[in-house]
Amino acid sequence: MPTFADRLIRWQLEAGRHHLPWQGNQDPYAIWIAEIMLQQTQVTTVIPYYQRFMRAFPDIATLASAAPDDVLALWSGLGYYARGRNLHQAARLLVSEHGGVFPASASAIEQLPGIGRSTAAAIAAFAFGERCAILDGNVKRILVRYFGVYSHPAGKAVEARLWQMAEKLLPVNNQEKAMATYTQAFMDLGALVCTRSRPKCEYCPLQQECVAFTHGSTDQLPVPKPQKTRPEKNIIHLLLVKDSKIFLEKRPSPGIWGGLWCFPEIPFDSSSDNSHSANLASCNTPFFEFPCIIHTFTHFRLNIYPRLIHVGCNNAFEEKDNQCWVTVSAAMKLAIPAPIRKVLLTVSNVLGSSVNVASINEKNE
DNA sequence: CACCCGTGGAA
DNA sequence: TTTCCAAGGGT
């Protein structure tokens, strides 16, 4: 009777993924970069970012010596920018305190910023074959179904139980690459077979012993977490244009889009008596309103009202450390949030077609 | 423990 | 259209 690990490993060898860009080597640095990018992010999204990043920063020393802005620029659009900031900080820490050598145990790896227990275990298993358990979304979903855990996986007690299960199921043999194959098997089974909706149980090596399959309750597991109402925020983005350059400022870190370049913003309350148009009522400068951009985060919804304004030479917006005037094409190469990239494309079209901003504004009034 | 932190794709 | 959430970690 093959063990749980045996089934998983055998399945992985014949049905798992073997040609992802970060596979095929045991370089802990390459594996580290991939694992960080893959946190809460789908494989297809990560691949082009990973390839660009590895081309620019092929090793620890290169990453450590890079400018923070250059690291974030390659992270631009990927989201969760603290990952990029922590990655860079960790690389510098490795150079200054570890002789530029990546630590070779999960417990040591976990000490690095941005690396928790699961990510540390994944790197250790892939790069060094260490016998340690991961517990990512895939593993949780598989275990919860396999053992029939009808509780919220987010709870602390349930989480602890899942860690215990994951460790108990680890392969006992010490075969070469067993841990790498086993760990990849968990991820691949979760991504390809034991999916959240419509799992392909007919292809699952764990089908016979799976509680959820036996009960016919795969569509009820994992138990979804209670939904929270998402608040709504409204802001005006000032697109200040002078001599075909646009004004950007670097956002404070921590915070949303921390360390990224963005337009000056004016928050306003849509429920108040004043519409957002009244916010600049005292300003006589003509402006051009762009269509509202709705950007949805995990925890709130952001409505952006871009407002383009041509400014003269004598104005208050002079460059400081965290501010700059740049061309649109230059701005596109900076670390900017995804929705800002969309706005910049629109700006490029407007400026490029030499639209009379003042007349458009009058038309709007 | 609760909340924060992005984005795009699937259903 | 809205909703959900994917190779989580930090505070």
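Computed from a predicted structure; not experimentally measured.
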**Student:** Starting from the 5' end of DNA chain C, give me the residue, Pro113(A) or Gln23(A), whose nearest nucleotide shows up first.
**Tutor:** Gln23(A)
**Student:** Does dT2(C) have OP1 or OP2 under 4.0 Å away from a side-chain N or O of Arg301(A)?
**Tutor:** no
**Student:** Taking Arg7(A) as the fixed residue, which of Gln207(A), Gln12(A), Glu209(A) is the one that meets the side-chain hydrogen bond (donor to acceptor under 3.5 Å, both in side chains) rule?
**Tutor:** Glu209(A)
**Student:** Have a look at Gly190(A) and say if it touches a base, only the backbone sugar-phosphate, or nothing, with a 4.0 Å heavy-atom cut-off.
**Tutor:** nothing
**Student:** Check the distance between dT7(B)'s P and Arg230(A)'s CZ and give it to me in whole angstrom.
**Tutor:** 14 Å
**Student:** Could you check Ala82(A) against Lys156(A) and say which one's nearest nucleotide on DNA chain B is further toward the 5' end?
**Tutor:** Lys156(A)
**Student:** At under 4.0 Å between heavy atoms, what does Leu78(A) touch on the DNA or RNA strands: base, sugar-phosphate, or nothing?
**Tutor:** base
**Student:** Between dG9(C), dC5(C), dG8(B), spot the one nearest the side chain of Ser118(A), thanks.
**Tutor:** dG9(C)
**Student:** Would you say Arg196(A) reaches dG9(B)'s phosphate, i.e. side-chain N/O to OP1/OP2 under 4.0 Å?
**Tutor:** no
**Student:** Specify the separation, in whole Å, of atom NZ of Lys140(A) and atom C1' of dG8(C).
**Tutor:** 8 Å
**Student:** Whether Thr119(A) contacts dA7(C) is assessed here as follows: a side-chain N or O lying under 4.0 Å from the phosphate OP1 or OP2. Is that the case?
**Tutor:** no
**Student:** Between Arg341(A) and Ser76(A), is there a side-chain donor-acceptor contact under 3.5 Å, judged purely by atom types and distance?
**Tutor:** yes
**Student:** Can you tell me how far P of dC4(B) sits from CD1 of Ile256(A), to the nearest Å?
**Tutor:** 10 Å
**Student:** dT7(B), OP1 or OP2 - any side-chain N/O from Trp257(A) closer than 4.0 Å?
**Tutor:** yes
**Student:** Using heavy-atom distances to pick each residue's nearest nucleotide on DNA chain B, tell me which of Gly77(A) and Ala154(A) is more 5'.
**Tutor:** Ala154(A)
**Student:** Please tell me whether Ser217(A) and Tyr150(A) have a donor and an acceptor in their side chains that are separated by less than 3.5 angstrom.
**Tutor:** yes
**Student:** With a 3.5 Å cut-off and just heavy-atom distances, do the side chain of Thr298(A) and the base of dG6(B) make a donor-acceptor pair?
**Tutor:** yes
**Student:** For Ala122(A), answer base if it contacts any base atom (sugar-phosphate contacts may also be present), sugar-phosphate if it contacts only those atoms, and nothing otherwise; contact means non-hydrogen atoms under 4.0 Å.
**Tutor:** nothing
**Student:** I'd like to check Phe128(A) versus Met179(A) (side-chain heavy atoms, cut-off strictly below 4.5 Å). Are they in contact?
**Tutor:** no
**Student:** Any side-chain N or O of Tyr80(A) under 4.0 Å from OP1/OP2 of dC4(B)?
**Tutor:** no
**Student:** Taking the same atom, P, in dG6(B) and in dT11(C), what whole-Å distance lies between them?
**Tutor:** 14 Å
**Student:** At under 4.0 Å between heavy atoms, what does Arg17(A) touch on the DNA or RNA strands: base, sugar-phosphate, or nothing?
**Tutor:** base
**Student:** Nearest-Å distance, OH (Tyr81(A)) to P (dT7(B))?
**Tutor:** 4 Å
**Student:** Does any donor-acceptor pair link the side chain of Thr41(A) with the base of dG6(B) at a separation under 3.5 Å?
**Tutor:** yes
**Student:** Please round to the nearest 0.5 Å and tell me the distance separating atom CZ of Phe57(A) and atom CG of Leu74(A).
**Tutor:** 5.0 Å
**Student:** Below 4.0 angstrom from OP1 or OP2 of dG9(B), is there any side-chain N or O of Gln42(A)?
**Tutor:** no
**Student:** Using a heavy-atom cut-off of under 4.0 Å over every strand shown, decide if Trp22(A) touches base, sugar-phosphate, or nothing.
**Tutor:** base
**Student:** Give the minimum heavy-atom separation between Ser253(A) and Gly259(A), together with the two atoms involved.
**Tutor:** CB-N, 4.0 Å
**Student:** So if I take every side-chain heavy atom of Ala338(A) and compare against dA6(C), dC5(C), dG8(B), which nucleotide ends up nearest?
**Tutor:** dG8(B)
**Student:** Nearest whole Å is fine: how far is dA7(C) P from Arg117(A) CZ?
**Tutor:** 19 Å
**Student:** Mind checking Leu20(A) for me? I need base, sugar-phosphate or nothing, with any heavy atom below 4.0 Å counting as a touch.
**Tutor:** base
**Student:** dG9(C) C1' sits how many Å from Leu112(A) CG, rounded?
**Tutor:** 13 Å
**Student:** Starting at CZ of Arg251(A) and ending at C1' of dC4(B), how long is that distance when rounded to a whole Å?
**Tutor:** 14 Å
**Student:** Report yes if a side-chain nitrogen or oxygen of His299(A) is closer than 4.0 Å to either non-bridging phosphate oxygen (OP1 or OP2) of dC5(B); otherwise report no.
**Tutor:** yes
**Student:** With a 4.5 Å limit on heavy-atom distance, are the side chains of Leu143(A) and Val149(A) in contact?
**Tutor:** no
**Student:** Within the structure shown, what part of the strands sits under 4.0 Å from Thr44(A) by heavy-atom distance: base, sugar-phosphate, or nothing?
**Tutor:** nothing
**Student:** Could you tell me the separation between the CD1 atom of Ile294(A) and the P atom of dT1(C), rounded to a whole number of Å?
**Tutor:** 9 Å
**Student:** Give me the distance, rounded to whole Å, that separates dA7(C) from dC3(B) when you measure between the C1' atoms they each carry.
**Tutor:** 22 Å
**Student:** Starting the side chain at C-beta, find the nucleotide from dG6(B), dG8(B), dA7(C) nearest to Phe297(A).
**Tutor:** dG6(B)
